[in-house]
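First listed ligand is number 1; within each ligand, the first listed atom is number 1. Note that the numbering runs from 1 along the sequence shown for the chain. The model shown is predicted, which means the values in this text are computed figures rather than measured ones.
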Amino acid sequence: MPATIVLGGQWGDEGKGKITDALAGESGMVVRANGGSNAGHTISTDQGVFKMHLVPSGILSPGTTCVVGAGVVIDPVQLASELADLRARGIDTSALVISDRAHVVLPFHSEIDRGEERLRGESPIGTTLRGIGPAYADKVSRRGMRMADLCDERQARQRLERDFDARNRLLEGYYESASVDTAASIDQLLGAAELLAPFVGHAEDVVQDALDRGTRVIVECAQGAMLDIDYGSYPFVTSSSPTAAGACQGAGIAPSQIERVIGVFKAYSSRVGSGPFPTELFDDTGNEIRERGHEYGTTTGRARRIGWFDAVAARRVTRLNGVTDIALTLLDVLDTFPTIQIATGYELDGANIRTVPTISADYDRVTPVLAPIDGWLEDITAVRSYEDMPVRAREYVSRIGGLAGAPVSMVGVGPDREQLVPVETRTPVAAR
Ligand code: IMP
């Protein structure tokens, strides 16, 4: 049974958790492939609202095995606390597998993240300060600590003492920051490692065995493809690959085992942190979308920047990731707008360009070519069948599918599970 990838098609916060949660019910396994506690997935069920950072969104579906893959960077204290919170709310967390190859985010990584942002002065990236960049930097520099190392009681304490000592010198000397409390941090880390150890194992083999058995596997990417380290708006990106290729690598699945790549896109755009955002709105429309969409970060609480749907960026993402179909979320947020815009092209220095500039200073200067579309001006939150959706809303959905170059297969009209409307007649890829 081949696997399905769920990836963010924009700059993160597209509602991937909700889509994964919806698919998890009919899947045997959900694997998280990249990122760390910089991600925040909000899922609303009849048991209440769940906000998770590291635990795969499938945990809320009984019988679904949840895997934290080798491509994830894990803050062990955060993960242990998320599991404890879930258990306290009656969620069974026993079917969790944590890759022994996943790298560990240590407290000094967050402090280095903070120090790097400070050194960037006037143009910080606006990271989540969760230590993600420094942890991935240690991984590729081949001095990282993996879950297997942390759970090896005999070695871990000694190794951590050495690492904390070196990094505290760096923090004090280079970043002019306070050092991290070594003894207290190590005790906390080893305490978390003890709680997590029973779940730590050869995740890639667990995933491959599941595929061999014919289990339906969902691979869940964090962040969004426009934040990809290689193909995003570098340096205003995250430090992992939230792409279809990255999903394979992070989950331990071969590209030939992937059957479906669902690109999750919001009906408009949002971005947290700095970086180019051609369709950004600075007016009341932007504010109204932000309030209607509750666009405040799950991880940092920051107000998200808001803009119209960017079809140039979307088309790039569907092409680079082989997106087979689109889940279009938060369509109901646009219910109140008489006119909705879509960026169908970019202009730079008076010329039309069809792609995304490589240099972020150029990307910053891009003007979007906006196509106005009549709004539907109706509350669609109670719609449960695509055929019952107002014609103008369907036209908008169809236009997005056509411009992005992949059919829309489901539309979100609200936060609840039943507010995900399947598009039975898959939107044809209209002439571009
Ligand atoms: P980092 O991943 O914390 O290093 O942050 C790098 C950039 O990615 C910043 O602009 C963050 O706001 C953004 N980012 C990281 N994780 C998420 C996410 O889950 N949703 C949206 N933006 C994110």
Side-chain angles (χ1 to χ4, degrees), residues 6-20 32-43 51-57 71-75 78 82 103 105-107 109-120 123-140 220-243 246-247 250 264-266 268-277 280 290 293-307 310 313 317 329-330 360 363-364:
V6 177
L7 61 83
Q10 295 158 311
W11 291 268
D13 308 314
E14 300 91 349
K16 297 172 291 293
K18 197 178 108 164
I19 304 299
T20 305
R32 168 87 183 265
N34 74 293
S37 54
N38 49 350
H41 294 157
T42 306
I43 301 164
K51 291 182 193 274
M52 290 175 290
H53 299 280
L54 279 164
V55 177
S57 307
V72 177
V73 286
I74 298 174
D75 173 342
Q78 167 74 32
E82 260 175 57
H103 278 249
V105 182
L106 294 163
H109 287 133
S110 318
E111 291 310 315
I112 294 172
D113 200 354
R114 197 178 295 279
E116 284 288 324
E117 282 286 83
R118 211 172 38 238
L119 292 181
R120 289 182 188 113
S123 47
I125 292 172
T127 74
T128 58
L129 301 176
R130 297 298 182 106
I132 304 301
Y136 277 116
D138 276 356
K139 170 178 170 170
V140 296
E220 180 185 34
C221 288
Q223 289 83 45
M226 287 301 288
L227 289 173
D228 179 62
I229 185 79
D230 292 304
Y231 297 106
S233 48
Y234 192 89
F236 301 101
V237 291
T238 190
S239 296
S240 65
S241 296
T243 55
V264 187
F265 290 83
K266 271 200 280 227
Y268 50 93
S269 306
S270 74
R271 181 167 193 161
V272 199
S274 321
F277 190 12
E280 184 164 12
R290 183 179 301 107
H294 310 292
E295 294 290 356
Y296 295 89
T298 316
T299 302
T300 58
R302 290 181 286 181
R304 296 179 184 142
R305 300 159 67 193
I306 302 294
D310 184 337
V317 166
T329 58
L330 291 126
S360 72
Y363 201 176
D364 260 337

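- Contact annotation: R271 has no heavy atom less than 4.0 Å from any atom of ligand 1.
- Using a 4.0 Å cut-off between heavy atoms, R302 contacts ligand 1 through its side chain alone, with no backbone atom that close.
- With salt bridges taken as basic N to acidic carboxylate O contacts below 4.0 Å, one links R304 and E295.
- Between V272 and D13, the closest side-chain pair of non-hydrogen atoms falls below 4.5 Å.
- Across P134, G133, G273, G126, heavy-atom proximity to atom 9 (C) of ligand 1 is greatest for G126.
- At least one heavy atom of W11 sits less than 4.0 Å from an atom of ligand 1.
- Screening D228, V237, N38, T243 for a side chain to side chain contact (heavy atoms under 4.5 Å, CB included) involving Q223 leaves a single residue, N38.
- The closest approach between R130 and ligand 1 stays at or above 4.0 Å for every heavy atom of the residue.
- Residue V237 holds the heavy atom nearest to atom 7 (C) of ligand 1 of all those in V272, D13, V237, T298.
- Among all non-hydrogen protein atoms, the one lying nearest atom 2 (O) of ligand 1 is T238 OG1, 2.6 Å.
- The nearest non-hydrogen atom to atom 14 (N) of ligand 1, considering only L227, V73, N38, comes from L227.
- Using a cutoff of 4.0 Å between basic side-chain nitrogens and carboxylate oxygens, E280 and R305 are scored as salt-bridged.
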